[in-house]
Engineer: 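Please see the structure below; I have some questions.
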Amino acid sequence: MPSDNVLIIGGGPAGLEAARLLAGIGTRVTLVEKRDFLGGTPIAERYAALTHGFHDAEEMMNKMIQDVTNSPLVDVRLGSTVTAAEGEAGNFKVTVVKSGNGKGEDIVEAGAVIIATGFQHFDPGRETQMYGYYEYDDVITLADAEGMLKDGHFNKPSNGQVPERVCFIQCVGSRDRQIGNEFCSKVCCGISSKQAIEVRQVSPSTKVFIFYIDMRMYGYWENEIYWPAQEKYHVQYIKGIVTEIIKKGDRLLIRGEDTTMGRPMEVPMDIVVLAVGMEASMGTRQMAQIFGVKQNKYKFIDVPHDALNPVGTSVPGVFVAGAAAGPKDLDDSISMAGTAAIQAAGLVRKLAAV
Ligand SMILES: Cc1cc2nc3c(=O)[nH]c(=O)nc-3n(C[C@H](O)[C@H](O)[C@H](O)COP(=O)(O)OP(=O)(O)OC[C@H]3O[C@@H](n4cnc5c(N)ncnc54)[C@H](O)[C@@H]3O)c2cc1C
Ligand code: SF4
């Protein structure tokens with residue numbers, strides 16, 4: 001007898017949205033999250049404000065979490081992951097293992113599966129682009145910057161002083177053939193511009209610069225973030241390549257080339273923010289293996305190259321949503337989750353009716 005349950009792996013924005021929509025149309029869900037809490041990367045990495053609209057990230061995510069945890073149709077398994085799977089569309093039997101307190105193992109039956117295991121930030125200590133992240137306290141990543149902004153300040157990690165000059169370096173770990181990440185991470189131009197605005201808001205005396213190869217933004221990111229960053233907040237965008245960061249006194253010296261002017265540059269900064277890209281999370285890689293789902297060259301889950309079906313995978317009955325399928329902002333992750341939810345619900349109902 002086919003199962004009418006949908007298994008969702010990953011309790012970030014995409015997994016939560018799929019779960020609350022499925023429950024909303026009366027479909028049973030088992031939601032498996034490896035961490036001890038829901039909310040995904042925005043909660044785990046302590047994001048400050050989410051676009052559109054610069055809303056408080058924790059408040060926004062808590063609303064989604066409550067919709068899911070309040071539903072009697074969603075069985076939430078925290079601190080758990082999937083270690084094995086067998087069967088086919090309509091009849092998957094999946095081994096869910098809980099670690100930590102109350103550890104144990106259990107077989108969950110599901111008619112369809114949604115993989116929503118997300119992304120991880122590029123590790124800026126890895127290979128080519130050595131910007132001194134592990135050497136200098138004042139070289140930080142976008143995720144570190146979110147944490148500071150959440151705490152309501154943007155001070156130099158090395159000595160707590162308000163910075164005079166802050167810069168962002170774009171495309172760290174993305175669009176880089178040498179490490180095999182030729183892809184664009186899609187969100188980091190927008191997030192850097194968002195943070196540049198927030199830095200100017202908490203510290204109006206700080207000058208902010210963005211060093212970019214080219215700025216890639218679309219839709220609301222351009223109108224609500226990019227243009228106000230320049231026109232209202234006077235963030236300075238410089239087309240250039242940074243090749244080296246060295247310490248000079250208690251400041252950092254940025255060396256590289258201003259490619260518009262075609263001349264070398266050497267500028268002092270107090271904080272450097274590395275716009276690290278998005279890579280497939282370990283969970284995404286593992287789930288692809290366990291369910292036998294095809295991955296693309298970058299280990300994200302491969303979706304059929306079909307604009308009308310962005311959530312199908314190479315295995316019938318297994319769908320993907322959010323950043324598990326490649327770099328995505330929240331709009332895209334949430335839209336995919338809705339499509340995956342309705343396809344999964346349609347499938348389990350169809351098979352149950354046979
Ligand atoms: C610094 C930064 C700031 C950002 N700010 C914004 C913004 O303001 N606006 C915007 O639109 N986008 C923003 N983004 C993008 C946003 O974070 C992503 O679009 C979103 O997190 C994707 O959601 P997801 O659910 O697909 O993945 P994730 O948020 O990564 O969630 C995946 C979940 O799956 C779980 N998981 C992983 N492996 C397993 C496993 N094996 N078993 C069980 N569970 C597992 C994880 O623990 C996690 O809870 C930002 C990105 C960055 C890098
Ligand atoms: S979004 Fe911008 S910073 Fe991120 S990889 Fe693409 S071009 Fe580079």
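Remember, it's 1-based here, ligands and their atoms both numbered in the order they're listed. None of these values were measured; they are calculated from a predicted model.
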Engineer: Got an N/O contact under 3.5 Å between Val187 and ligand 1?
Structural biologist: no
Engineer: I'd like to check which ligand 1 atoms, numbered from 1 as shown, lie under 4.0 Å from a non-hydrogen atom of Gly322.
Structural biologist: 26 (O)
Engineer: Check whether any N, O or S atom of Cys188, backbone or side chain, sits closer than 2.8 Å to atom 8 (Fe) of ligand 2.
Structural biologist: no
Engineer: Counting each atom of ligand 2 from 1 as listed, which ones have a heavy atom of Gln170 under 4.0 Å away?
Structural biologist: 3 (S)
Engineer: Please find the pair of heavy atoms, one from Gln120 and one from Ala280, that lie closest to each other, and give the distance.
Structural biologist: CD-O, 3.6 Å
Engineer: What atoms of ligand 1 come within less than 4.0 Å of a heavy atom belonging to Leu330?
Structural biologist: 9 (N), 10 (C), 11 (O), 12 (N), 19 (O), 20 (C)
Engineer: Report yes or no: does Thr284 contribute a side-chain atom to a donor-acceptor pair with the main-chain N or O of Phe300 at less than 3.5 Å?
Structural biologist: no
Engineer: Are a donor atom and an acceptor atom from the side chains of Ser335 and Asp332 found within less than 3.5 Å of each other?
Structural biologist: no
Engineer: Pairs of nitrogen or oxygen atoms closer than 3.5 Å, one from Arg35 and one from ligand 1: do any exist?
Structural biologist: yes
Engineer: Show me which atoms of ligand 1 lie under 4.0 Å from any heavy atom of Gly40.
Structural biologist: 29 (O), 31 (O), 48 (C), 49 (O)
Engineer: Looking only at distances, please establish whether an N/O atom of ligand 1 is found under 3.5 Å from an N/O atom of Thr81.
Structural biologist: yes
Engineer: Just jot down the ligand 1 atoms closer than 4.0 angstrom to any heavy atom of Ile9, in number order.
Structural biologist: 42 (N), 43 (C)
Engineer: Got a sec: does the NZ of Lys350 have more than 12 other heavy atoms crowding it under 6.0 Å?
Structural biologist: no
Engineer: Using non-hydrogen atoms of the residue, decide whether Ser80 is closer than 4.0 angstrom to ligand 1.
Structural biologist: yes
Engineer: What I want to find out is whether Asp329 reaches Lys186 closely enough, with some N-O distance under 4.0 Å, to be called a salt bridge.
Structural biologist: no
Engineer: Show which atoms of ligand 1 fall inside a sub-4.0 Å distance from at least one heavy-atom site of Ala116.
Structural biologist: 32 (C), 33 (C), 34 (O)
Engineer: Using a strict threshold of under 4.0 Å (side-chain N to carboxylate O), is an ion pair present between Glu164 and Arg251?
Structural biologist: yes
Engineer: So, 4.0 Å and heavy atoms of Val172: is ligand 2 close enough to count as a contact?
Structural biologist: no
Engineer: Can Thr51 and Glu224 be counted as having a side-chain donor-acceptor contact under 3.5 angstrom?
Structural biologist: no
Engineer: Are any of the N/O atoms on His121, whether in the backbone or the side chain, positioned under 3.5 angstrom from an N/O atom of ligand 1?
Structural biologist: no
Engineer: Looking only at heavy atoms of Ser185, does any of them come nearer than 4.0 Å to an atom of ligand 2?
Structural biologist: yes
Engineer: Is the closest N or O pair between Thr41 and ligand 1 shorter than 3.5 Å?
Structural biologist: yes
Engineer: Below 4.0 angstrom, N of the basic side chain to O of the carboxylate: do Lys98 and Asp106 qualify?
Structural biologist: no
Engineer: Relative to the heavy atoms of Ala49, which atoms of ligand 1 are at a distance of less than 4.0 Å?
Structural biologist: 8 (O)
Engineer: Under 3.5 Å, N or O to N or O, is Pro13 touching ligand 1 that way?
Structural biologist: yes
Engineer: With heavy atoms only and a cut-off of under 4.0 Å, state how Met215 meets ligand 2: side chain, backbone, both or neither.
Structural biologist: neither
Engineer: Just distances here: any N/O of Glu146 and N/O of ligand 1 closer than 3.5 Å?
Structural biologist: no
Engineer: Does the pair Glu198/Lys194 count as a salt bridge with the N-to-O cut at 4.0 Å?
Structural biologist: yes
Engineer: So, is Glu33 polar-close to ligand 1, with some N/O to N/O distance under 3.5 Å?
Structural biologist: yes
Engineer: Which ligand 1 atoms are under 4.0 Å away from a heavy-atom of Lys328?
Structural biologist: 15 (C), 18 (C), 19 (O)
Engineer: How close does the nearest protein non-hydrogen atom get to atom 51 (C) of ligand 1, and which residue and atom is it?
Structural biologist: Tyr47 OH, 3.3 Å
Engineer: Which atoms of ligand 1 are found less than 4.0 Å from any heavy atom of Leu142?
Structural biologist: 1 (C)
Engineer: Could you pull out, from Ile191, Ile290, Ile334, Ile43, the option with a heavy atom nearest to atom 14 (N) of ligand 1?
Structural biologist: Ile191
Engineer: Under 3.5 Å, is there a donor on one side chain and an acceptor on the other for Tyr226 and Gln230?
Structural biologist: yes
